[in-house]
**Q** 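I have a structure here, written as structure tokens, and I will follow up with some questions on it.
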Amino acid sequence: MKRPPAIPDRALLLADAERLLAPSTRRLFLGASLSLGGLSLLTGCTPGAGAAADGFLRGVSRWNDRVQAGLFDPNRLASTYPESMITRPFPFNAYYKEARVPHVDATDYRLEVGGLVADRHAWTLDELHALPQTDQVTRHICVEGWSAIGKWGGVRFATFLERIGADRTARFVGFKCSDDYYTSIDMPTALHAQTLLTLTYDGQRLPAKYGFPMKLRMPTKLGYKNPKHIRALFVTNTNPGGYWEDQGYNWFGGS
Ligand SMILES: Nc1nc2c(c(=O)[nH]1)N[C@H]1C(S)=C(S)[C@@H](COP(=O)(O)O)O[C@H]1N2
Ligand SMILES: [Mo]
């Protein structure tokens, strides 16, 4: 059967919808070509023009969150690399230029902990350094089209969540940063063995531009899900969203 010529608007909408899908979701459809009708059936959302198109894209993105959460294997490790493959210099990225990177004072610093946790005491950097440390050489993938290999060291986030008596049956962990950045992750990713509360970069104290005093590093997630300059974190059952996520980036953000 001959198909009617595609209306440019709908082609653009389909391209936007496909861009929203994570690599893991796209792999599910390997060989099958997605159509607006197909996506509409899968997601239960109807494509349309104008505001309706935005609603449709949000629906596709939420559906994609569920597919990614379903596909996420908590026991599967992301690739690691030899130190010789570290990208030098490692790229800087933020929603502002490098000159505006926040410089957080190490002595005053306290990591605030809140929400569904038993112990809400705020942590000094020395206390965090006293916890068991590990490191990893993994690839950071940014949606802006670059990726780079780096070496991060720190505390397994699962260990930290255990120490603070976090309710590990809760759904989300949210992060507030010293710039205006914020983001949040699902609990299975928070507990993943390679999710690190990062205190060092390439064996040195974490430089300001890479997120001093700490960032959360997750090789299973895209760059924008990895918050730098964390000042507070909280455990919750209400999705806290994120800086880019609230502007249309996919929330799950798997890499
Ligand atoms: N606090 C904060 N964290 C952030 C960002 C930001 O602007 N502010 N940008 C995110 C994005 S989009 C990327 S790609 C990485 C970049 O980290 P890098 O500077 O270590 O390469 O930080 C992520 N975490
Ligand atoms: Mo990014």
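The first residue in the sequence is number 1, and the count goes up from there. In each ligand, atom 1 is the first atom listed, and ligand 1 is the first ligand listed. As the structure is a prediction and not an experimental result, all values here were calculated from the model.
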**Q** Which atoms from ligand 1 have a heavy atom of Ala94 less than 4.0 Å away?
**A**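 Contacts of ligand 1 toward Ala94, numbered from 1: 6 (C), 7 (O), 9 (N).
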
**Q** Is Asp16 paired with Arg19 through a side-chain N to carboxylate O contact shorter than 4.0 Å?
**A**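 Yes, charged N to carboxylate O under 4.0 Å.
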
**Q** Can Lys228 and Asp179 be counted as an ion pair, charged N to O under 4.0 angstrom?
**A**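 Answer for the salt bridge query: no.
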
**Q** Provide, to 0.1 Å, the distance between atom 21 (O) of ligand 1 and the closest protein heavy atom, together with that atom's residue and name.
**A**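 The protein heavy atom lying closest is Pro91 O, 2.8 Å.
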
**Q** Which part of Trp146 is near ligand 1, with near meaning a heavy atom under 4.0 Å away: side chain, backbone, both or neither?
**A**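 The answer is the side chain.
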
**Q** Spell out, as yes or no, whether a donor-acceptor pair under 3.5 Å connects the side chain of Gln194 to the backbone of His192.
**A**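 Side chain of Gln194 to backbone of His192: no pair is present.
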
**Q** At less than 4.0 angstrom from any non-hydrogen atom of Cys142, what atoms of ligand 1 do you find?
**A**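 What qualifies from ligand 1 is 14 (S).
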
**Q** Can you sort out which atoms of ligand 1 are near Tyr95, meaning under 4.0 Å from one of its heavy atoms?
**A**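 Counting atoms of ligand 1 from 1, those under 4.0 Å from Tyr95 are 7 (O).
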
**Q** Check each atom of ligand 1 against the heavy atoms of Lys209 and keep those under 4.0 Å away; list them by number with element.
**A**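 Taking each heavy atom of Lys209 in turn, ligand 1 has 19 (O) under 4.0 Å.
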
**Q** Is ligand 1 under 4.0 Å from a heavy atom in the side chain of Asn226, in the backbone, in both, or in neither?
**A**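 Backbone only.
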
**Q** N/O of Asp179 under 3.5 Å from N/O of ligand 1, yes or no?
**A**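 Yes, at least one N or O pair falls under 3.5 Å.
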
**Q** Is there a side-chain contact between Val235 and Val117, using heavy atoms and a 4.5 Å cut-off?
**A**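 Of all side-chain heavy-atom pairs linking Val117 with Val235, at least one is under 4.5 Å.
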
**Q** For atom CZ of Arg231, decide whether the heavy atoms of other residues, nucleotides or ligands shown that lie under 6.0 angstrom number more than 12.
**A**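 Buried by this count: over 12 neighbours within 6.0 Å.
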
**Q** Quick check: does any side chain N or O of Tyr181 sit under 3.5 Å from a backbone N or O of Tyr224, one acting as donor and the other as acceptor?
**A**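 Such a contact is found between Tyr181 side chain and Tyr224 backbone.
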
**Q** Pick, from Arg100, Lys228, Arg217, the option with the minimum heavy-atom distance to atom 19 (O) of ligand 1.
**A**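 Nearest option to atom 19 (O) of ligand 1, by heavy atoms: Lys228.
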
**Q** Working to the nearest 0.5 Å, report the span between CG of Asn237 and CG of Asp167.
**A**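 The CG atom of Asp167 is 7.0 Å from CG of Asn237, to the nearest 0.5 Å.
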
**Q** Heavy atom under 4.0 Å from ligand 1: found in Ala148's side chain, backbone, both, or neither?
**A**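 No part of Ala148 is near ligand 1 at this cut-off.
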
**Q** So which heavy atom in the protein is nearest atom 15 (C) of ligand 1, and how far is it from that ligand atom?
**A**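 Here the nearest protein heavy atom works out to His140 CE1, 3.5 Å.
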
**Q** Classify the contact between Tyr181 and ligand 1 as side chain, backbone, both or neither, using a heavy-atom distance cut-off of under 4.0 Å.
**A**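 Side chain only.
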
**Q** Under 4.0 Å, heavy atoms only, figure out whether ligand 1 is touched by the backbone of Phe90, its side chain, both or neither.
**A**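 Near ligand 1, Phe90 shows its side chain, while the N, CA, C and O stay back.
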
**Q** Counting each atom of ligand 1 from 1 as listed, which ones have a heavy atom of Cys177 under 4.0 Å away?
**A**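 In order of numbering, the contacting atoms are 1 (N).
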
**Q** To which protein heavy atom is atom 16 (C) of ligand 1 closest, and what is the distance rounded to 0.1 Å?
**A**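 Ranking protein heavy atoms by distance from atom 16 (C) of ligand 1, first comes Asn93 O, 3.4 Å.
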
**Q** Is the charged tip of Lys221 near the ring of Phe252: under 6.0 Å from the six-membered ring centre and within 45° of its axis?
**A**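 Satisfied, under 6.0 Å and within 45°.
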
**Q** Among protein heavy atoms, which lies nearest atom 20 (O) of ligand 1, and at what distance?
**A**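 Residue, atom and distance for the closest contact: Tyr210 CD2, 3.5 Å.
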
**Q** When you compare the side chains of Thr183 and Glu245, does any donor N or O come within less than 3.5 Å of an acceptor on the partner?
**A**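 Yes, side-chain donor-acceptor contact under 3.5 Å.
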
**Q** For ligand 1, which atoms have a heavy atom of Phe92 less than 4.0 angstrom away?
**A**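 So the atoms of ligand 1 that pass are 19 (O).
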
**Q** Could you tell me whether the side chains of Asp180 and Tyr243 share a donor-acceptor contact shorter than 3.5 Å?
**A**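 No, Tyr243 and Asp180 have no side-chain donor paired with an acceptor closer than 3.5 Å.
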
**Q** Against the six-membered ring of Tyr81, is Lys151 placed for a cation-pi contact (under 6.0 Å from the centre, within 45° of the normal)?
**A**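 The answer is no; the distance or angle limit is not met.
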
